[in-house]
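Predicted model, so just to flag it, every value in this text is computed and none were measured. Only heavy atoms go into these numbers, but all of them, side chains included; no hydrogens, no water, no symmetry mates.
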Amino acid sequence: MKERDYGIDLLRIFAAFLVVLIHLSAENWGSYAYNSTEWFVCHFFDSIGRSAVPLFVMISGMFLLNPNKELTWGMLWHKYCKRIAIIFVVWSAFYAGVFYVLWPILQGHPAGWGTAWQMTWKGHYHLWYCKMLLGLYLLMPFLKKITAEKALMEYFLILCAVFTVIIPVLPFQVVKGFMSDTFFYFTLGFTGYFVLGYYLKTVMLSGKTRGLIYLAGIIGLLFTIFGSVAKAYAVGLPYGYYDPQLPNVVSMTIAIFVFFQYHAGKVANRYSKVVSALSGCTLGIYLIHPMVMVVLQKVGIGVGMCPLYISIPLVTVLTFIISLCLAWCMKKLPFIKNLV
């Protein structure tokens, strides 16, 4: 666990790329008819990227929930909670200031100071991740007790699978009502992914087990794509089985995580310095890429500039590269480097 895992660094870069892919493919997702080619192309790329945030959570849990890793109250509040809270407020203020104050003034309109203030605390659409991560940080002292014992960790993951993944998709209302009747919320949300990241790092999976995981991941991806299409035709509206707690997304996420864990190390180790440097910029990429998307649109570079099957991957790559360069530059600047 002490030795740096460049395969996981590569996974972090991949997850950051998927985040950009999701936001670009979902940009006009709901504006197309459910039976149109344009909607299917957007949906196809959106489906591919659905594991992005769960992968980030698993990576965080893999490192932070190591019971041998020291965690004092001072570290919890200052190193983790305070830092992510400051990042949220600063970046929220940045987006709110640009969109509701600066741009209206440049266009000759009154500045929306009241809206900017409200949006600073609400956060730009992608900054929900910071608030979710803060919640996981607050649970770390408890979760580290769970990860300290393998049997307890496996019991917790079983509860997550049953109450977070399986029961919500069952067609029986009586069974679904069991959760609310028992007020069972302990394993809901992203805590399962958080613990699962550490669990998968500490167990050795056989080749047969990994093969089954990959098969489940492929089935999950196919269901995300074509199951959503079938549902869309059934309800007559665009629809996507995108929720991170759905079995199809869970299986996709686990398959990607295991694949990088077992197969990406050799490739990543060859370019360890580059992979390490790029991995260190992923938070900055996450934070700045929506602004890059907007600026590119202002100069005519967006998903509508050519057929979607070309523009979505093309603009995703361009947005990712520009965001990466900006994040790398920001990490060189005093004070700002602590915010990316």
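- Between the His289 side chain and the Ile285 main chain, a donor and an acceptor come within less than 3.5 Å of each other.
- Of the possible polar contacts, one joining the Ser36 side chain to the Ala33 backbone as a donor-acceptor pair under 3.5 Å is found.
- Between Asp5 and Lys201, at least one side-chain N (NZ, or NE/NH1/NH2) sits under 4.0 Å from a carboxylate O, which counts as a salt bridge.
- Annotation: side chain of Ile22 is in contact with side chain of Arg50 (closest heavy-atom distance under 4.5 Å).
- Legend: ring-ring contact (aromatic ring centres under 6.0 Å, His included) pairs involving residues 215-234, not counting sequence neighbours, sorted by first then second residue: Tyr34-Tyr233, Phe223-Tyr241.
- Side-chain contact annotation: Ser47 with Thr224, donor-acceptor N/O pair under 3.5 Å absent.
- By the neighbour-count criterion of 12 heavy atoms within 6.0 Å, atom OH of Tyr309 is sparsely surrounded, having that number or fewer from other residues, nucleotides or ligands.
- Side chain of Lys144 to backbone of Lys69: a donor-acceptor contact under 3.5 angstrom is found.
- A cation-pi arrangement, defined by a distance under 6.0 Å to the six-membered ring centre and an angle within 45 degrees of its axis, is absent between Lys122 and Trp128.
- Listed for the Asn269 side chain is a donor-acceptor partner under 3.5 Å among the backbone atoms of Gly265.
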Does the pair Phe194 and Leu64 meet the rule for a side chain to side chain contact (heavy atoms under 4.5 Å, CB included), with working shown? CA-CA 9 Å; Phe194 203 43; Leu64 297 179; 4.3 Å; yes

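- Residues Phe190 and Leu133 form no side-chain contact, since every pair of their non-hydrogen atoms from C-beta on lies 4.5 Å or further apart.
- In this structure, Val267 and Tyr6 have side chains that are not in contact, with every pair of non-hydrogen atoms separated by 4.5 Å or more.
- Side-chain atoms of Ser206 and Thr209 form a donor-acceptor pair, as typed in the model, at a separation below 3.5 Å.
- For the pair Leu136/Ser60, no side-chain contact is recorded, criterion being any heavy-atom separation below 4.5 Å from C-beta on.
- A side-chain donor-acceptor contact under 3.5 Å links Tyr286 to the backbone of His126.
- Aromatic ring centres of Trp121 and Trp117 lie closer together than 6.0 Å.
- In this structure a side-chain-to-backbone donor-acceptor pair under 3.5 Å is present from Thr191 to Leu188.
- Side chains of Phe45 and Leu308 form no contact here, defined as non-hydrogen atoms less than 4.5 Å apart.
- Taking the side chain as every heavy atom from C-beta outward, Phe257 and Leu200 approach each other to under 4.5 Å.
- The aromatic ring centres of His124 and Phe94 sit 6.0 Å or more apart.
- Using cut-offs of 30° and 60° for the angle between ring planes, the Trp91 and Tyr95 rings count as tilted.
- The ring-ring contact (aromatic ring centres under 6.0 Å, His included) test with His43 is passed by exactly one of Tyr242, Trp29, Tyr32: Tyr242.
- Panel note: side chain Ser251, backbone Gly217; no donor-acceptor pair is recorded below 3.5 Å.
- Take Glu149 and apply the side-chain hydrogen bond (donor to acceptor under 3.5 Å, both in side chains) test, not counting sequence neighbours, and it matches no residue.
- Of the residues Thr282, Leu339, Leu127, the one that meets the side chain to side chain contact (heavy atoms under 4.5 Å, CB included) test with Leu287 is Leu127.
- Using a 4.5 Å heavy-atom cutoff, the side chains of Leu134 and Cys81 are in contact.
- Looking at residues two or more places apart in sequence or on another chain, you find a salt bridge (Lys or Arg N to Asp or Glu O under 4.0 Å) between Asp9 and Arg4, Arg12.
- Side-chain contact between Val340 and Leu283 is absent, with no heavy atoms from C-beta onward closer than 4.5 Å.
- Linking Ile, Leu, Val, Met, Phe, Trp and Tyr whenever their side-chain heavy atoms come within less than 4.5 Å puts Val258 and Phe63 in one cluster.
- Under the side-chain hydrogen bond (donor to acceptor under 3.5 Å, both in side chains) criterion, Ser31 pairs with no residue, sequence neighbours left out.
- Clustering of Ile, Leu, Val, Met, Phe, Trp and Tyr side chains at separations under 4.5 Å places Ile219 together with Leu215.
- A ring-ring contact (aromatic ring centres under 6.0 Å, His included) check over residues 150-169, counting only residues at least two apart or in different chains, returns the pairs Phe156-Phe186, Phe163-Phe184.
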